[in-house]
Amino acid sequence: MANYISLTAIGKDKPGIVSAITKVLYELKCNIEDSTMTILHGQFAMILILKLPSAVTLKKLSSNISKEAKKLSLSVSYSHVKYAKKKKEKIYPYVISVYGADKTGIVYNISKYLAGKKINIMDVQTTVTDSKLGKTYIMLIEAQFPEKLSVQNVSADLAEISKYLGVSISVNRAESSEI
């Protein structure tokens with residue numbers, strides 16, 4: 001049975017982090033099955049889902065990665081992951097965009113509503129931008145809607161939430177394609 005591990009690494013952003021970590025993975029013949037990497041307030045963060053070859057233990061992976069992590073001042077953690085086969089189901093991907101003044105509770109109020117409707121959040125990105133008009137809060141949510149959920153009802157509900165939060169919220173169908 002295949003051994004899957006999540007690897008999380010966080011540290012001050014600098015060139016070469018991805019190269020150093022993936023070099024170790026390549027040398028150990030680990031396969032990166034899924035990943036996300038980003039910079040948040042000058043901190044580089046990566047989360048990788050790895051399939052380890054049978055000859056590589058978590059101890060060996062950790063030992064090899066720790067050498068590079070120390071050089072780069074990265075904090076690294078690991079967790080076993082149970083592999084789940086993807087179900088053959090219809091996927092209804094949407095992008096929910098939020099724009100407005102930054103304030104506490106935007107992410108909570110919107111995510112609480114989505115959870116209540118069984119809408120699965122796949123990705124969230126937030127940022128605050130500066131412009132001549134001031135600061136603008138931007139949040140983009142990639143979400144999967146249940147098959148029988150009315151997008152019109154969700155849009156109407158989110159319009160009410162947008163009034164409460166003082167932001168603009170839009171819901172758009174994401175284009176999907178098969179590779």
Side-chain angles (χ1 to χ4, degrees), residues 1-98 106-108 110-112 114-115 117-129 137-147 149 171-179:
M1 182 172 193
N3 191 12
Y4 291 88
I5 299 291
S6 69
L7 180 155
T8 303
I10 300 171
K12 185 174 188 252
D13 184 42
K14 60 184 86 170
I17 294 173
V18 175
S19 176
I21 298 298
T22 58
K23 178 183 181 208
V24 173
L25 299 175
Y26 172 73
E27 289 171 346
L28 291 173
K29 297 186 177 17
C30 297
N31 189 45
I32 301 171
E33 299 229 340
D34 212 350
S35 69
T36 188
M37 301 177 214
T38 193
I39 299 169
L40 303 167
H41 278 277
Q43 296 294 302
F44 180 80
M46 73 168 32
I47 302 172
L48 307 173
I49 302 298
L50 307 172
K51 181 178 180 183
L52 304 185
S54 58
V56 177
T57 63
L58 178 55
K59 186 176 180 178
K60 182 173 184 171
L61 173 67
S62 175
S63 174
N64 288 27
I65 291 284
S66 69
K67 295 170 191 168
E68 293 300 321
K70 187 173 181 179
K71 289 181 204 172
L72 296 165
S73 300
L74 294 175
S75 173
V76 180
S77 63
Y78 306 88
S79 180
H80 286 279
V81 175
K82 183 177 178 183
Y83 181 76
K85 288 186 180 179
K86 294 181 181 178
K87 297 177 185 176
K88 298 260 182 179
E89 60 185 56
K90 290 184 180 180
I91 296 173
Y92 298 90
Y94 286 85
V95 176
I96 301 166
S97 306
V98 180
I106 295 173
V107 176
Y108 166 69
I110 294 171
S111 64
K112 177 182 170 189
L114 298 176
K117 292 294 182 182
K118 306 286 189 242
I119 295 172
N120 191 29
I121 295 174
M122 304 302 292
D123 190 55
V124 177
Q125 303 226 353
T126 65
T127 192
V128 177
T129 62
Y137 177 80
I138 302 169
M139 178 168 65
L140 298 174
I141 300 171
E142 294 176 32
Q144 291 181 345
F145 284 36
E147 185 175 0
L149 186 64
V171 179
N172 295 291
R173 179 81 188 250
E175 296 297 322
S176 61
S177 62
E178 292 192 28
I179 298 175

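- Lys117 and Pro146 get closest at one heavy-atom pair: O-CG, 3.7 Å.
- Taking 4.5 Å as the limit, every side-chain heavy atom of Ile138 sits out of range of all side-chain heavy atoms of Val98.
- Using a 4.5 Å cut-off on side-chain heavy atoms (C-beta onward), Thr126 and Tyr137 make contact.
- In this structure, the ring-ring contact (aromatic ring centres under 6.0 Å, His included) partners of Phe145, at least two apart in sequence or on a different chain, are Tyr94.
- Using a 4.5 Å cut-off on side-chain heavy atoms (C-beta onward), Pro93 and Arg173 make contact.
- Rounding to the nearest 0.5 angstrom, the gap separating the CD1 atom in Ile47 from the OG1 atom in Thr8 is 5.0 Å.
- Every residue meeting the side chain to side chain contact (heavy atoms under 4.5 Å, CB included) condition with Ile121, not counting sequence neighbours, appears here in chain and number order: Ser111, Leu114, Val124, Ile141.
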Test side-chain contact (heavy atoms from CB on, under 4.5 Å) applied to Met122 and Asn120, step by step
CA-CA 6 Å; Met122 304 302 292; Asn120 191 29; 3.3 Å; yes
Please report the C-alpha distance between Leu50 and Asn3 in whole Å, then the side-chain angles of each, then the deciding distance to 0.1 Å, and finally whether the side-chain contact (heavy atoms from CB on, under 4.5 Å) criterion is met.
CA-CA 8 Å; Leu50 307 172; Asn3 191 12; over 6 Å; no
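- Residues passing the side chain to side chain contact (heavy atoms under 4.5 Å, CB included) test with His41, sequence neighbours excluded: none.
- In this structure Ser6 satisfies the side chain to side chain contact (heavy atoms under 4.5 Å, CB included) test together with Ile49, Ser79, Val81, sequence neighbours excluded.
- Looking at residues two or more places apart in sequence or on another chain, you find no side chain to side chain donor-acceptor pair (under 3.5 Å) involving Asn172.
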Could you walk me through whether Ile5 and His80 satisfy the side-chain contact (heavy atoms from CB on, under 4.5 Å) test, starting with their C-alpha distance in whole Å, then the side-chain angles of each, then the deciding distance to 0.1 Å, before giving a yes or no?
CA-CA 5 Å; Ile5 299 291; His80 286 279; 3.4 Å; yes
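- Lys71 is linked by a salt bridge (Lys or Arg N to Asp or Glu O under 4.0 Å) to Glu68, counting only residues two or more places apart in sequence or in another chain.
- Rounding to the nearest 0.5 Å places CD1 of Ile96 at 8.0 Å from CD1 of Ile110.
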Between Ile10 and Leu74, does a side-chain contact (heavy atoms from CB on, under 4.5 Å) hold up when you go through it step by step?
CA-CA 5 Å; Ile10 300 171; Leu74 294 175; over 6 Å; no
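- To the nearest 0.5 angstrom, Ile106 atom CD1 is 7.0 Å from Met139 atom CE.
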What side-chain donor-acceptor pairs closer than 3.5 Å can you find for residues 11-32, not counting sequence neighbours?
residue: Lys14; atom: NZ; partner: Leu72; partner atom: O; Å: 3.4
residue: Thr22; atom: OG1; partner: Val18; partner atom: O; Å: 2.7
residue: Thr22; atom: OG1; partner: Ser19; partner atom: O; Å: 3.4
residue: Asn31; atom: ND2; partner: Glu33; partner atom: OE2; Å: 3.4

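- Checked against side chain to side chain contact (heavy atoms under 4.5 Å, CB included), Thr57 has the following partners two or more places apart in sequence or in another chain: Lys59, Lys60.
- Applying the ring-ring contact (aromatic ring centres under 6.0 Å, His included) criterion to Phe44, with sequence neighbours excluded, gives no partner residue.
- Proximity of a side-chain donor or acceptor of Ser66 to a complementary backbone N or O of Ser62 within less than 3.5 Å is detected.
- For the atom pair OG1 (Thr38) and CD (Gln43), the distance works out to 12.0 Å, reported to the nearest 0.5 Å.
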